[in-house]
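Order of listing sets the numbers, starting from 1, for every ligand and every atom in it.
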Amino acid sequence: MLKTSLSQILKTTKAHLTKLGKLEVYSVEDLLNFFPRAIESTEITSHFANIQLGAKNTISGRLTDFRKEKTPRGKSLGRAALILDDESVIDVIWFQIPYILKNLKDETRVFLVGKIDRNYGKIQISNPEIHLDANVHVGKLRAIYPESPPITSKWLREKISGLLLLAKDFPETLPPQIREEEHFLGKSDAILTIHAPASAEMWNQARKRLGFEEVFEIQTRVMREKFLREKEIKNPHKIQFDAEATKRNLELVPFTLTLAQKKVLYEILKDFERDRPMHRLMQGDVGSGKTIVGFLASLPIVKSGAQAVFLAPTEILAKQHFTNALKFFPSHISIELLTGSVTAGTKKKIKTRLHNGDINILIGTHAVLTEDTEFQNLGFAVIDEQHRFGVQQRTILAQNQAHVLAMTATPIPRTLALTIYGDQDISVISELPPGRKSIITRIVADPKTISLCNHFIDDQITKGRQIFWICPLIDESDKIEAKNVKEEFDRIAHETFPNRKVEFLHGKMRPKEKDSIMTRFRNHEFDILVSTSVIEVGVDIPNATVMVIENSERFGLSQLHQFRGRIGRNEFQSYCFLMVGKPDDANKQRLRALEKSNNGLFLAEIDLKLRGMGELYGVRQSGIPDFKCADLNDLEMLQKARDWAIKILKEDLNLSAYPLLKKRIEQETVYF
Ligand code: ADP
Ligand code: MG
């Protein structure tokens, strides 16, 4: 029954079914797995003394004196009076008149749910829901679901309550030991309770169990992959740490490494000595100098006769790594670039040479990761901004028993690192190279400040600096109200800065066009680049000192921090201006954090608290679904889930005793 399709079992409209499909809700099981985000009490009050002013109340009484009126502007509204059991009278007002009122007899007993306020001395309930009986909507605790029209909480409550009997068919998915020792509700009880709780305490119990399970399953999946990997794979590229050679290599670098860079390099080189291939995540703020660490680590690999590959998420970045690599590595090391825009003929040649071992270091994009790319002897893979790579692509890499170093500028809060990156060793580059000035960041909301800002930008251009101008969209959109590249380009180039040279860039342009724009920007052939977020990662334009971000409220703090990292890469003071669409307070408060802090990890932690995990930059792309119940700020629970996962796997790595758990975690392989 749980697998029954909703289109067979629900009486509803096509629009509702389509929307459910968009939410990936197709079967009874899916619908029962669609959890409410909160609950509210709808305890019925029929006495004036029990009413809470300024809050939502559920009141019962006799409805009388219903009439339609027009506002001075000609809109129709409905008015009535509700007589409570103590004979006190509440004013009722509807701005949209409920259909039910059409044939309602005077003095019928009704239940109203809505906010009650004092209005010009009268007690008024505005726009209340109206019910004729106590039902799933009134009288007890009720669930509030995430809404997306036409799917409302009311609709979900009704449909789910009709199917809730089937919750008993949910099989138990947590291992019995865990359930017993942690005193968790059973699965079917938890499902039943989360939709229709008898008390707030029970609802929390249900959430606790379901939230634990979410984290536990991910932990089991991640740790199992680690254990399997460690069981099967030896380290074919064991390289003894050589202090003398490392010292000599450091002399190839035109600057002095920071202490943090040296430490991480050492951690990597020590990993090469171990019995298992390295699996390490290097975390470091934008501009902290991760690339050079990756370069230095590949020298002993190449010396040992193995190959290294550098993967970047965009052509622009791959090319930049390539240019830097040509400068850095001694000329006897052969380096090639392989991206989507390389011609088929050249690609074939590169792949042949790669297979023959004539190429020591390959730098490229996703284009490298096709089935027909065969390395002669891959020893080291460096993945820049790993979350931008798909699961499948990473699996291809894992087949080679190479050391893997993932690099990311996305700061990962500790709790999250524990949860989804639990199987990797983590290195952090905790300081920036010396002499970097921190970026001055300001929110720009009102017209006067905007105008000042434009003057300032013009002045910077006169001083020879360049400007990044970021917009959320490429084209005008009828759905989303936000600035787009094409219109902004027109405005900036023709109205605001008619005397300056302006170009634009977005993700839908051909790679060749994008490349040429970036190259010309780097050569200072124009002053302002209007762009979508395609420039978000890695790109190095040292002469850019100003970044303007339109509709900054639409981005996560971590992402804004990433954008901001594109500037401030020189001796000049740099500035970041955060434009806002409609400055509402919550967003402003969030953005204020960006004005105050240059610490990526701190900002990511705020993001996690305020916007949840799904919004955290990089998480969505990682293939992990957003948690529905689990509270990622609950460190104790996360630790507990992790301990249990390890315990279960140590006893039974194959999960033979838990076929259901095994099936669930194998549904989708995620490889980090
Ligand atoms: P990210 O960590 O964001 O990838 P990059 O590796 O692109 O940073 O480095 C940013 C810039 O800083 C590059 O131009 C690089 O050459 C320079 N750089 C890296 N490390 C140092 C250092 N220790 N001292 C001075 N400059 C450095
Ligand atoms: Mg980088």
Should Gly287 be counted as touching ligand 1, given the test is an N or O pair under 3.5 Å? yes

Result of checking Phe328, Phe295, Phe322 against Phe310 for ring pair (Phe, Tyr, Trp, His ring centres under 6.0 Å): Phe295

Which is it for Met407 and ligand 1 at heavy atoms under 4.0 Å: side chain, backbone, both or neither? neither

So between Asn324, Thr291, Leu432, whose heavy atom ends up nearest atom 7 (O) of ligand 1? Thr291

Atoms of ligand 1 close to Thr256 [distance to a heavy atom under 4.0 angstrom, numbered from 1]: 22 (C), 23 (N), 24 (N)

Check: Val342 main-chain N/O paired with Thr346 side-chain donor or acceptor under 3.5 Å: no

Identify, by atom number and element, the atoms of ligand 1 in contact range of Leu257, meaning under 4.0 Å from any of its heavy atoms. 23 (N)

Short N or O distance, Gly284 and ligand 1, threshold 3.5 Å exclusive: no

With a cutoff of 4.0 Å, is Ser288 in contact with ligand 1, counting heavy atoms of the residue only? yes

For Thr258, the atoms of ligand 1 under 4.0 Å from one of its heavy atoms are 23 (N)

Identify whether the distance between the nearest side-chain nitrogen and carboxylate oxygen of Arg353 and Glu336 falls below 4.0 Å. yes

Using the side chain to side chain contact (heavy atoms under 4.5 Å, CB included) definition, which of the options Ile361, Leu269, Ile333 pairs with Leu299? Ile333

Could you tell me whether Phe272 and His403 have their ring centroids closer than 6.0 angstrom? yes

Here the pair of heavy atoms bringing Ile429 nearest to Ala260 is CG2-CB, 3.9 Å

